[in-house]
Amino acid sequence: MSGHDAPSGPEPTGRGRLGRDFLLLWAGAGFTLFGARVSGVAYSLTALWQTGSATVAGIVGFAAAAPSLLVQLPAGVLVDRWDRRRLMIASDLGCLLSTASVAVAAGVGQVLPAHLAAAAFVQAGLAVVHRLAERAGARQVVPAGQLPRALSRNEARSQGIGLLGLPVGSLLFDVSRPAPLVLAALAHAAALATLPWIRQPLQGESPSSAPAGPASQITEAARWIWRQPFLRAGLLLITATNVLFQALSLVVMVVIHDSGGPAGSLGVMGAVAGVGGILGAICGSRTIGRLRLRGVLIGGVSIWALVIPLVGLTADPVLIGSVFALTSFLGSIMNVSGGIYQAQLTPDSLQGRTSAVIGMVTAGAGSLGLLAGGLVLDWFGGRGAAFTIAALMAVLALASTRLPPLGPVAVAVPDRSATPAESTTSPEGHHR
């Protein structure tokens, strides 16, 4: 860690209560995420079982994944320009209606592939809007010193729901075709019920000074990110690691297949990795009070580079699962630490768009990683690809030591009298 680094924000002020409004926001967003995960599984399973066509199932899966690339940026503009609570209510209502429509169609055995694809796209797109609005609004409903703890809980919630979505959705599908969709609809209804009870506004600064056109507003956020030296460099680093991890996910499947291992072992590994992610999220807010973000990134990428070669040395699902548990543990700590830094650094009027630009970049990196992984596997085979990915991660670990110093971050939450300039850094990375 550089001696010039500053902590990425104020340390948590003890174990004080996060407050009623945060708990309502946290629970409502959790219901929304759970509904989206369960229904996402159900859409693909319904497509495959209804038509018997893997192509149709793939199209429905693509429709559910496409909003991560297509909806992020316009959603970010909406979150910064419109009332966030109303956006979340509208998103949950749309998710509820789209999911219920498929549940009814599945109940009568009249599900059309086009209906499935449309519902999957609509729900995934609205879930993106909801997630960005909740992330931006969280900063407004907790004391500044409690923000690290709040975002740590958000990450733990996301990891836990990600772990539950696949088994819950698939098990309910075996019980009854409409069952997972009914559960998802009920989850969105529960999310809707929490939002009117949140007393505090989820918006901070007035957005009246932002550029009028959507393209100009997105450009404003991208330029703002580019002017933050540490945020820019950290985003490029994590984006590059995302490419490698998506490629590694393909490598693991090939290694298990070539060794004659059961496909079910992949689910076991995913569950073990999910537990690691949850533990990392729980530790995230405590870590940020003891370690500086720059050190977290350097240490995390370096450990990744050291453990990834194990994937090329064994086909043991337990060992590979343990590797992924460790990488997920570190990844969650990075997510919490980086999320705290970005939330504290970014003016409220840019929160949605900044998160959207970051999400767009990382989602695109995931797509590129899957493509690159296939090419590397064709060239080097499973184990050779694992060693190649490890070598590239080692290069990134070396590059991470050149991250710029992390300047101090002032947090003005929920003080609405602060101007945007008071929560930004200069081009040199030092607080103005």
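Only this structure's heavy atoms are used, side chains among them; waters, hydrogens and symmetry mates stay out. Every value quoted in this text rests on a predicted model; they were computed, and no experiment measured them. Along the sequence shown, residues are numbered consecutively beginning with 1.
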Over 12 non-hydrogen atoms of neighbours within 6.0 angstrom of CZ in R232: yes
Inter-residue atom distance Q72.CD - S355.OG, 0.5 Å rounding: 9.0 Å
For the student: nearest non-hydrogen atoms of Q123 and S98, plus distance: CB-OG, 4.0 Å
S332 to E155 - nearest heavy-atom pair and separation: OG-OE2, 3.5 Å
Check: A36 main-chain N/O paired with S39 side-chain donor or acceptor under 3.5 Å: yes
Spacing of L235 atom CG and T362 atom OG1 [to the nearest 0.5 Å]: 7.5 Å
Pair R294-F230, side chain to side chain contact (heavy atoms under 4.5 Å, CB included): steps then yes or no: CA-CA 9 Å; R294 186 173 184 272; F230 185 86; 3.8 Å; yes
L25 and T194, any side-chain heavy atoms less than 4.5 Å apart: no
Side-chain (R37) to main-chain (V168) donor-acceptor, under 3.5 angstrom: no
Which atom of S337 lies closest to which atom of L293, heavy atoms considered: CB-CD1, 3.5 Å
I238 side chain reached by L297 side chain, heavy atoms, under 4.5 Å: yes
Minimal non-hydrogen separation, I161 against F34, with atom names: CG2-CA, 3.5 Å
Donor + acceptor pair across side chains of T32, D92 (<3.5 Å): yes
Full working for side chain to side chain contact (heavy atoms under 4.5 Å, CB included) between I389 and F245: CA-CA 8 Å; I389 292 170; F245 272 113; over 6 Å; no
Pairwise side-chain contact, Q246 with N242, heavy-atom cut-off 4.5 Å (strictly under): no
L126 side, atom CG; C95 side, atom SG - distance, nearest 0.5 Å: 4.5 Å
Distance in Å, H130 NE2 paired with L195 CG, rounded so as to fall on 0.5 Å steps: 5.5 Å
Interatomic distance, I225 atom CD1 to R227 atom CZ [nearest 0.5 angstrom]: 10.5 Å
Q342 and R135: side chain donor to acceptor below 3.5 Å: yes
Shortest non-hydrogen separation from L202 to I198 and the atoms involved: CD2-CG2, 4.3 Å
Candidate list R139, R84, R157, test salt bridge (charged side-chain N to carboxylate O under 4.0 Å, His left out), partner E134, passing option: R157
Taking every non-hydrogen atom, the tightest pair across S152 and I282: OG-O, 3.7 Å
Sub-4.5 Å side-chain heavy-atom contact between V301 and M334: yes
Close side-chain approach of F22 and N154, heavy atoms under 4.5 Å: yes
L73 CG to L78 CG distance, which is reported to the nearest 0.5 Å: 11.5 Å
Validation row: L310, I320 side chains within 4.5 angstrom (heavy atoms): no
Exercise: do D348 and Q140 side chains pair donor with acceptor under 3.5 Å: yes
Contact check, side chains of W304 and L244, non-hydrogen atoms, under 4.5 Å: no
Trace of the side chain to side chain contact (heavy atoms under 4.5 Å, CB included) decision for L33 with R131: CA-CA 8 Å; L33 179 58; R131 184 183 70 248; over 6 Å; no
Chi angles and distances behind the side chain to side chain contact (heavy atoms under 4.5 Å, CB included) call for S349, D80: CA-CA 6 Å; S349 60; D80 286 339; 5.8 Å; no
Side-chain touch T346/W224, heavy atoms, less than 4.5 angstrom: yes
